[in-house]
Structures are given as C-alpha cells and as structure tokens.
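The model shown is predicted, which means the values in this text are computed figures rather than measured ones. Chain letters run A, B, ... following the sequence lines, proteins first and then strands; every chain starts at 1.
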2 protein chains.
Amino acid sequence: MHEAAASLYDEQDLVMEALGNDVRRAILRLLAEGELPAGRIAERFPISRPAVSKHLRLLSQAQLVSHEADGVRHIYRLNRAGFDRGRVWLDQFWPDALGRFKLLAENTYERGNG
Amino acid sequence: MHEAAASLYDEQDLVMEALGNDVRRAILRLLAEGELPAGRIAERFPISRPAVSKHLRLLSQAQLVSHEADGVRHIYRLNRAGFDRGRVWLDQFWPDALGRFKLLAENTYERGNG
DNA sequence: AAATTATGTAACTTGCAAGTTACATAAGGA
DNA sequence: TCCTTATGTAACTTGCAAGTTACATAATTT
C-alpha cells in the first residue's frame, strides 16, 4: 500500500548511514571540486581501489552521487537528491531556519587546506 | 591560524558520525517528542541500558543532546547546536543554498524575531 | 545507617562494516 | 585477435563500533 512513505524513510536512513563514515565524507568533498572517474577518486585515498568502489556504491545507493559510463570510465559526480534528503531529515527536528545563519555566515569562507 | 576552524570541523565530524547510527537517530526522534531521563530512554530500546548510555554520551559529545541532573535523574533533551552543525556540513556542498540562507539572514537581521 | 533507585563507567565480547586479494567483464588500442 | 586499461564484484579477513555484564557512585527513602 503506502510503500512510498516507508521507502522515503529508508532512503533518508541510507543517506544518514552513508554520511556517517569519514572516507565517504572525504569522497564527497573531493567530488565537490568536480566530477571524477572512479580510478582518480581511488588514487586519492590510502585504501584499495575496491574499497573505494564499495564506498561509491553506498554513496550511489543513497543518491549522494550519480555516475555515468564514459567509454571504459565511470564518471562520478555529486547528486543533489541525497543532500536534499539529508536536509529533510535534519529539518524534522528544527523546522525553522532561524538561528542557523549565524553559524553559516561564520563558516562559509576559507576551507581549502587539506 | 585559528584552531577554532579546525576544531569546528572536528565537531562537524562528531555530528555526522553520531547521526550515522540508527539507534542514535531513533533516540533523537524519541527526544523530539520531549525531554526524558536516561532510564526512560533506555526502556524504549531492546538493548541494554549501558548501551543506550553510551549512545547518549556520543550524542552529547556531538552536542545533538544536552543533559542536566535532576536529583538522581539525568534529563536529556535535544540540543540545537549539533543539528546546526549538521546543516552547515550539508550546505558546504551547495553554495546556492548558502546564498539563500545569507539572503534570508540579511532580510531578517534587525527584526529580532524568532 | 542501610536499602533503593538512577545513572555512568570499566572491562570484556562480538557482529558487522570496512578492508584485502583474486577474479570477471567490458571498452579501446596495437 | 590479443593486450591493456578501467571498473565492479565475489570471497575472505579483520578492526572497531556496539553490545554485554559487573561494578562504582550519588541521591533519595525508610
């Protein structure tokens, strides 16, 4: 019957679960600079390529990234859908936006170091 | 430069890490209905009380909950700070969303309502 | 003061997420 | 066609997060 409602929460859970890992968060930050093929992503981490591939699969299932084949390469990029779901999840606790921009304003600048 | 920035991201990581567990997310949903003492929270879960206590500690470190002693009881409630950090983390990926909040902040700045 | 209640913590165990290696597949290039 | 490149997956291992039990502490109650 109402599988739509149930699957919505499942999808939100997939997002929150995926975001709860530092390697996956680092992959997202890397992709924030621009789309990349799977191999290039893996190069940036001290773990094996299959391990990164598995993280990419979880990120993809959570719709935090999307990917498309380009010849033999698979290009990954950020997918807004997952981030929106994460935001919806957070908003169930604090529906009003007020009080957020102070923190936001204080942290929208420099970050580039790594 | 300011180590405030570094520790901020550590704190964001604490939040995202804490939110990446379904028991902890369920605790937050429970506390969204109202504050509760530790024991009452533990009653609602099929795991042991010390296990819940440990989850509460992590949630507290992430500032997703706060707690205060009330006699022998420790009352837990949601803490806005952690949720704000979670949102800041999400918003770093979509600058246009940041712009939206900045605009909102500018328009609401001296009105002081909230 | 002794018993009870509510909680946190220490020490240990364990389940599973995250890692590894080995292999399969598919697209180009020589 | 065979070789190389790029990737995903299967099967197995392992590190650590999340669970357990036992104990310490502190505030009430009798």
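Remark: Asp22(B) pairs with no residue by the salt bridge (charged side-chain N to carboxylate O under 4.0 Å, His left out) rule, at least two apart or across chains. Under the side-chain contact (heavy atoms from CB on, under 4.5 Å) criterion, Ala69(A) pairs with His74(A), not counting sequence neighbours. With sequence neighbours left out, the salt bridge (charged side-chain N to carboxylate O under 4.0 Å, His left out) criterion links Arg25(A) to Asp13(B), Glu17(B). Looking at residues two or more places apart in sequence or on another chain, you find a ring-ring contact (aromatic ring centres under 6.0 Å, His included) between Tyr76(B) and His67(B).
Within the 4.5 Å cutoff, the side chain of Leu78(B) has heavy atoms near those of the Trp94(A) side chain. Taking the side chain as every heavy atom from C-beta outward, Gln63(B) and Phe83(B) never approach each other to under 4.5 Å. Looking at heavy atoms from C-beta onward, Leu19(A) lies in side-chain contact with Leu28(A) at the 4.5 angstrom threshold. Counting heavy atoms from C-beta on, the side chains of Arg85(B) and Met16(B) never come closer than 4.5 Å. Within the 4.5 Å cutoff, no side-chain heavy atoms of Trp89(B) are placed close to those of Val15(B).
Annotation: proximity of residues 57-68 of chain A to DNA chain D (heavy atom, distance under 4.0 Å) is found for Arg57(A), numbered in ascending order. Annotation: proximity of residues 17-26 of chain A to DNA chain D (heavy atom, distance under 4.0 Å) is found for no residue. Proximity of residues 44-56 of chain B to DNA chain D (heavy atom under 4.0 angstrom from any strand atom) is restricted to Ile47(B), Ser48(B), Pro50(B), Ala51(B), Lys54(B), His55(B).
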For nucleotides 27-30 of chain D, give me every protein contact, N/O to N/O, under 3.5 Å, one pair per line with atom names.
none

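Here the straight-line distance linking atom OG of Ser66(A) with atom CG of Leu59(A) works out to 11.0 Å at 0.5 Å rounding. Rounding to the nearest 0.5 Å gives a distance of 5.0 Å between CD1 of Ile75(B) and CG of Asp70(B). Note that CD1 of Ile27(B) and CG of Asn21(B) are 8.0 Å apart. Values are rounded to the nearest 0.5 Å.
Axis angle, first five pairs versus last five pairs of the helix from dA1(C)-dT30(D) to dA30(C)-dT1(D): 10°, rounded to 10°.
From the 5' end on, the contacts that DNA chain C makes with chain A at under 4.0 Å to a non-hydrogen atom open and close at dA18(C) to dG28(C).
Between Leu58(B) and Ala18(B), the shortest heavy-atom contact is O-CB, 4.4 Å.
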Under 3.5 Å, which donor-acceptor pairs do the side chains of residues 34-55 of chain B form with other protein atoms, sequence neighbours left out?
residue, atom, partner, partner atom, Å
Glu35(B), OE1, Arg77(B), NE, 2.9
Glu35(B), OE1, Arg77(B), NH2, 2.7
Ser48(B), OG, Ala51(B), N, 3.4
His55(B), ND1, Arg24(B), NH1, 3.0

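Look at Arg87(A) and Asp84(A) and you find a salt bridge, because one of the NZ, NE, NH1 or NH2 atoms lies within 4.0 Å of a carboxylate O, short of that distance.
Tracing side-chain contacts under 4.5 Å through hydrophobic residues (I, L, V, M, F, W, Y), one reaches Leu31(A) starting from Phe93(B); they form part of the same cluster. Under the 4.5 Å side-chain heavy-atom criterion for grouping Ile, Leu, Val, Met, Phe, Trp and Tyr, Val23(A) is connected to Leu30(A) within one hydrophobic cluster.
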